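Here's the structure we're looking at; comments come further down.
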Amino acid sequence: MELDVLERQEKEYSFLKQSDDFYISLFNKVYKALSSDAYLTEENRQELLFIAKGLEIYSIQSTRENFFGVNYAENMLYASSIYYLTDYFTTSSILARMFETEDYESEIDRFIHAFLINNRNIRNPYMDRLNDFLESGDKQILISIIKLIDERLKTSDPYKYVQLLLAKRLIEKFSENNIWNSLTRANPAINWKDFVLHKLESSWVLFPSQEAALKKGILINDNSFSIQMPTSSGKTSLCEIVIYNEIVYKKRKVLLLAPYRALASELKYAFTKKFRNLGLTVKAIYGGHTPTKEEKVEMENVDLLICTPEKFMAIENYIPNLHETFSTVICDEGHLLDDEHRGLNYELLLAKFKNSSTQEKKYIYLSAIIPNIATINSWLGGDENTLIKSDYRPTNLTYGFLIEQGDNKNKYFNLKLYSQKNGLEKSLINKFLSVKEDYKYKKSSTGKINTYKYKTYKTRAISVALRSLNNGVVAVFTPQKGENGVKGLAEEIINQISLLNFPKPLDFSKTEELENLIIYIEQVFGKDYILTKSVENGFVIHHGDLPQFVREVIENSIRKKIVPLIVCTNTLAEGVNLPIKTLVLHTIKRFNSSLKIMEPIRKRDIKNIIGRAGRAGQETEGLVISVNPSEYSYIQEVISDDQIEPVRGYLYQIINEITNELKEDRLLITNELIDEQSEEFKRLIDSIDKSIIDSLYEESTPDNISDILENLINKTYSYFQSDYNNKLTLEHIFKLRGEVLSPYLKRNEIGILKQSDSTVRIYEDIKGVINLGDDFWQNTSLPFTDETIGYLLDIIYSLNHLEFDFEQFHQENDINLTKGLLKKVILNWIEGEWYGDISNKTNVEVEDVLKIMLFIESNIVPVLSKIVTIAKIELQKQGIIISKDLEDLGLFIQYGINSRINLILIELGFSERMGILFVGNWIKNNFSTLNLNDKDTIEMILRENKIEIIEYLKETVPLISLDAFRSNLRYI
DNA sequence: CGAAAATAAATGTGTTGTACGACAG
DNA sequence: ACACATTTATTTTCG
């Protein structure tokens with residue numbers, strides 16, 4: 001019914017004709033379970049879940065019209081309660097929330113409903129008592145409620161009996177898992193009242209996964225803990241408890257390492273408000289902004305610091321050994337240790353902590369499922385008693401596999417369904433897709449009926465996605481961006497909705513908001529780009545070539561359900577949580593260039609992506625559908641956590657490779673040998689160098705550098721896992737690199753390396769190319785012109801270091817990126833043009849413009865900043881100061897602006913470029929007499945002209961920009 | 001009946017995600 | 001290694 005394929009089912013569903021019989025039998029089973037405690041056992045729990053699903057359809061809006069004779073509201077109490085009793089608390093509450101407490105008449109019904117949706121605001125003998133309990137935690141009160149119910153059960157009329165029994169079971173369950181009970185049991189020494197009173201607003205119980213962690217003694221024990229649980233199983237909420245406990249009870253300060261900006265910002269948002277009311281101080285710093293003086297003071301006094309690992313390393317450079325203030329460290333998304341670009345830093349940061357002379361820290365390592373978490377745990381100082389594993393998920397996931405059936409005369413596709421918790425339970429949706437019914441269309445040029453080409457997986461994935469639209473928000477995952485990935489799928493959608501009769505995304509979108517989205521996207525990308533065409537058809541796409549601010553707009557459109565369909569790559573797994581009901585896996589294979597084969601992506605990543613379906617608190621369940629039979633067994637393995645890749649740490653992988661190479665060639669590695677290796681290998685060594693540079697502190701000298709490095713190495717996860725040979729390689733390489741860096745230490749050049757974020761190689765490269773005698777350095781300031789950019793690009797093009805990057809860019813993209821083109825793109829960009837305009841002016845496709853922009857952002861800008869920083873420091877020695885404008889050059893290019901006012905707006909927290917550009921101009925035109933290079937002046941202008949600015953923006957920019965600017969303006 | 005559509009088999013072409021930093025004396 | 005598009009030859013379908 002939900003997928004609108006009922007009438008094509010071959011099987012007769014007798015219960016549809018005898019729905020009252022079916023209902024009675026379901027109800028009977030519920031009653032039996034409740035009256036015999038049978039629901040408490042694991043097996044019966046599975047069955048109860050199916051019963052709940054059965055009851056559910058008699059109450060939810062999309063299906064209940066098909067039945068009659070059932071009191072929707074009353075029945076929902078049963079369905080919802082069963083979800084509650086089987087630990088699906090969020091599902092329970094979503095279902096119950098489909099009705100109001102006022103919809104119920106009897107005292108007991110109102111109580112049950114209010115209980116299920118955490119509504120404390122009704123007056124009622126049961127709820128009054130429950131309220132007393134919630135505020136005091138006095139167990140006796142719960143006992144008294146049960147007594148009260150028992151009394152009434154004896155005298156109750158038959159119509160109330162089941163409800164009373166239900167209430168009794170709910171309260172019995174609640175006596176066990178309520179937050180008071182769990183917390184005081186986990187740490188009786190602390191008064192939880194303040195915390196609980198705060199927590200009550202969101203939840204009254206803990207998830208089994210959280211319970212498991214508490215039972216292991218995480219609040220009492222000072223050892224390190226490792227926690228492995230699926231996405232969205234209440235990690236944040238568990239952290240909240242642990243952090244509160246550490247600060248209030250253990251009197252420790254907590255450092256929370258969150259490796260993505262989006263994550264850090266999410267956590268900041270989640271914690272700041274709650275903890276402030278509890279009298280704890282929270283600070284979050286990540287990406288982009290450099291902390292002010294006051295903030296630095298705050299950082300040392302704050303109770304909880306939320307930080308990206310890189311940012312924390314940066315801070316440690318000006319607050320040496322800041323980490324000693326924090327005796328508890330929480331490592332979120334711990335599997336990042338494996339990351340090719342960032343794992344090394346993360347590992348060395350932790351090694352540095354472990355190497356500290358102060359007391360051993362308590363580490364809490366949070367991660368998705370990895371088989372060797374025990375190794376990591378013992379590296380961090382934990383043991384088997386401090387290892388917490390849970391596979392609890394607050395929403396149930398169902399997996400669907402599309403099965404091809406029939407011959408050419410009558411071809412159709414069934415959907416085979418497996419429930420997550422019970423691999424054996426299969427069900428089948430017949431003719432989920434059918435060639436006869438779904439793929440026939442009339443060709444207008446001939447007037448004949450044609451069959452749509454349904455054989456490709458693209459077609460199938462999209463058809464499945466469109467078919468699922470009735471059921472809620474759909475995401476289509478694909479690991480590639482181009483024709484065989486996001487772009488191809490988007491085109492396929494447009495094609496299918498124009499020819500076939502599937503549900504159309506436009507019919508599920510919010511027209512007015514969508515209009516605004518279309519206007520905005522068209523302004524940014526022009527009419528021809530695939531994203532523009534997508535939004536016009538009521539869906540969106542999402543991948544890493546899209547600039548960050550656009551991704552946010554897109555995520556928002558899904559979050560607010562402005563559009564019901566998104567096609568995306570891994571960005572989905574990395575980004576923030578979205579309310580996705582159905583996830584369609586187009587394919588999970590990606591081309592591996594070195595092996596020249598298509599290869600499945602990591603199971604760990606698939607697991608992460610799959611976990612995005614059925615967001616707790618938003619959906620009652622999730623559905624994951626795979627359409628490619630050659631991948632089914634691999635996905636089955638992912639579902640059953642079979643052979644998930646271990647986390648070794650990136651450093652370990654390199655070292656292991658090097659050791660093996662050396663063994664084969666019987667070589668002894670030397671710095672000369674390193675210099676002879678490929679650029680790829682040297683960049684690997686560069687990353688080691690950089691981590692070394694970053695972890696050198698003030699007290700480092702040429703004499704003790706090898707000691708410092710050796711101590712550091714000994715504490716790494718790589719060393720911990722290594723065998724004798726690997727240990728030798730590891731020590732040897734770090735020693736070698738120490739030798740390379742030692743002269744720079746001697747010459748006091750480590751500072752300049754750090755400040756310019758350079759490795760030795762690029763530093764020497766730049767020094768060899770730039771001519772500090774040129775007037776350029778002294779004469780350049782805003783606005784940047786053709787000549788400015790030209791001069792710098794000349795330098796860029798003469799660097800050896802970037803040749804490799806250009807080569808790679810050309811290998812990966814079919815774009816001839818000449819110096820002229822690059823200059824034109826940069827100039828247009830800083831002059832305020834958008835991707836669509838730049839595409840028109842340069843005759844380059846929008847998608848290629850995006851790729852060029854990405855190259856500029858990630859390859860050109862960092863090098864430009866290094867060049868400018870190195871020049872600045874060198875010139876300073878001669879007493880020459882370069883302009884502030886030139887110093888900030890990287891920012892101007894990065895943000896695509898060419899005036900100081902705009903940069904100030906960004907510093908003031910404005911993030912949406914269109915608004916920034918227009919308001920910047922408006923200020924320039926209206927306040928030319930003031931000093932517009934001054935932050936305070938700009939702030940003053942903004943504060944005093946809020947209304948005028950909004951009025952002006954209303955006339956000039958799309959509503960989305962206006963809204964973004966307005967919400968930033970609120971904080972001025 | 002004849003054009004259009006479907007089928008089958010052979011050949012050719014293209015394939016590559018995501019992410020964080022940017023600093024003192 | 002694989003998905004998909006294109007080409008070609010042949011058969012089937014339908015207005």
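Note that the structure is predicted; figures quoted are calculated from it, not measured. Sequence lines set the chain letters: A, B, ... in the order given, protein chains first and strands last, and positions in each chain run from 1.
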Practice task
For P259(A), report the nucleic acid contact type (base, sugar-phosphate, nothing); a contact means any heavy atom under 4.0 Å.
Solution key: sugar-phosphate
Exercise for the section: Classify the nucleic acid contact of K481(A) as base, sugar-phosphate or nothing, counting any heavy atom under 4.0 Å across all strands shown. Expected result: sugar-phosphate
Practice task
Considering just the side-chain nitrogens and oxygens of T569(A), establish if one lies under 4.0 Å of OP1 or OP2 belonging to dT18(B).
Solution key: yes
Practice task
Find out whether H801(A) and R761(A) are in side-chain contact, i.e. whether some heavy atom of one side chain is under 4.5 Å from a heavy atom of the other.
Solution key: yes
Problem - Within 6.0 angstrom of E845(A) CD, more than 12 heavy atoms from elsewhere - result: no
Handout entry: Atom-to-atom span, CD1 of I462(A) to C1' of dC4(C) - whole angstrom
Key = 15 Å
Handout entry: Proximal nucleotide (of dT18(B), dA4(B), dC4(C)) relative to the T571(A) side chain
Key = dT18(B)
Exercise for the section: Provide, to the nearest angstrom, the distance between the CG atom belonging to N628(A) and the P atom belonging to dA1(C). Expected result: 16 Å
Exercise for the section: Write down the distance between CD (E847(A)) and P (dG17(B)), rounded to a whole number of angstrom. Expected result: 13 Å
Handout entry: Shortest non-hydrogen contact from P309(A) toward A258(A)
Key = CD-O, 4.1 Å
Practice task
Could you tell me how the ring of Y439(A) sits relative to the ring of Y454(A): parallel (under 30°), tilted (30 to 60°) or perpendicular (over 60°)?
Solution key: parallel
Handout entry: Options dA1(C), dG2(B), dG21(B), nucleotide nearest the side-chain atoms of F591(A)
Key = dA1(C)
Practice task
Starting from the 5' end of DNA chain B, give me the residue, T451(A) or D605(A), whose nearest nucleotide shows up first.
Solution key: T451(A)
Fill in the blank from the handout: Side-chain atoms of Y260(A) come closest, of dC4(C), dG17(B), dC20(B), to dC20(B)
Exercise for the section: State whether K453(A) places a side-chain N or O below 4.0 Å from either non-bridging phosphate oxygen (OP1 or OP2) of dA5(C). Expected result: no
Practice task
Give one of base, sugar-phosphate or nothing for D888(A), where a contact means two heavy atoms less than 4.0 Å apart.
Solution key: nothing
Handout entry: Sugar-phosphate only, base, or nothing, as touched by H542(A) at under 4.0 Å among non-hydrogen atoms
Key = nothing
Handout entry: Protein-nucleotide distance (L348(A), atom CG; dC20(B), atom C1'), rounded to Å
Key = 15 Å
Exercise for the section: Give S865(A) one of three labels, base, sugar-phosphate or nothing, depending on what nucleic acid heavy atoms sit under 4.0 Å from its own. Expected result: nothing
Exercise for the section: Compare side-chain N and O positions of N484(A) against OP1 and OP2 of dT15(B) and report whether any pair is under 4.0 Å apart. Expected result: no
Completion exercise
K872(A) NZ to dA24(B) P, in whole Å, measures 7 Å
Problem - Matching residue for P547(A) among V553(A), L850(A), L854(A) - test: side chain to side chain contact (heavy atoms under 4.5 Å, CB included) - result: L850(A)
Handout entry: Whole-Å gap separating P (dT15(B)) and CD (E483(A))
Key = 8 Å
Exercise for the section: With heavy atoms under 4.0 Å as the rule, sort T869(A) into base, sugar-phosphate or nothing. Expected result: nothing
Practice task
Give one of base, sugar-phosphate or nothing for R551(A), where a contact means two heavy atoms less than 4.0 Å apart.
Solution key: sugar-phosphate
Problem - More than 12 heavy atoms from other groups under 6.0 Å of NZ on K872(A) - result: yes
Handout entry: Phosphate contact (dG21(B) OP1 or OP2) by T308(A) side-chain N/O below 4.0 Å
Key = yes
Handout entry: Euclidean distance, atom NZ of residue K589(A) to atom C1' of dG14(B) [Å, nearest integer]
Key = 16 Å
Practice task
Choose from dT18(B), dC4(C), dA22(B) the nucleotide whose nearest atom is closest to any side-chain atom of Y457(A).
Solution key: dC4(C)
Practice task
Ignoring the backbone of T456(A), work out which of dC4(C), dG21(B), dC20(B) is nearest its side chain.
Solution key: dC4(C)
Exercise for the section: Find which nucleotide of DNA chain B each of K455(A) and H543(A) is nearest to by heavy atoms, and output the residue with the more 5' nucleotide. Expected result: K455(A)
Exercise for the section: May I have the distance from F312(A) (atom CZ) to dC20(B) (atom P), rounded to whole angstrom? Expected result: 19 Å
Problem - Pair T571(A), H542(A): side-chain N/O donor-acceptor within cut-off below 3.5 Å - result: yes
Handout entry: Touch class at under 4.0 angstrom, heavy-atom based, for K458(A) against every strand present
Key = sugar-phosphate
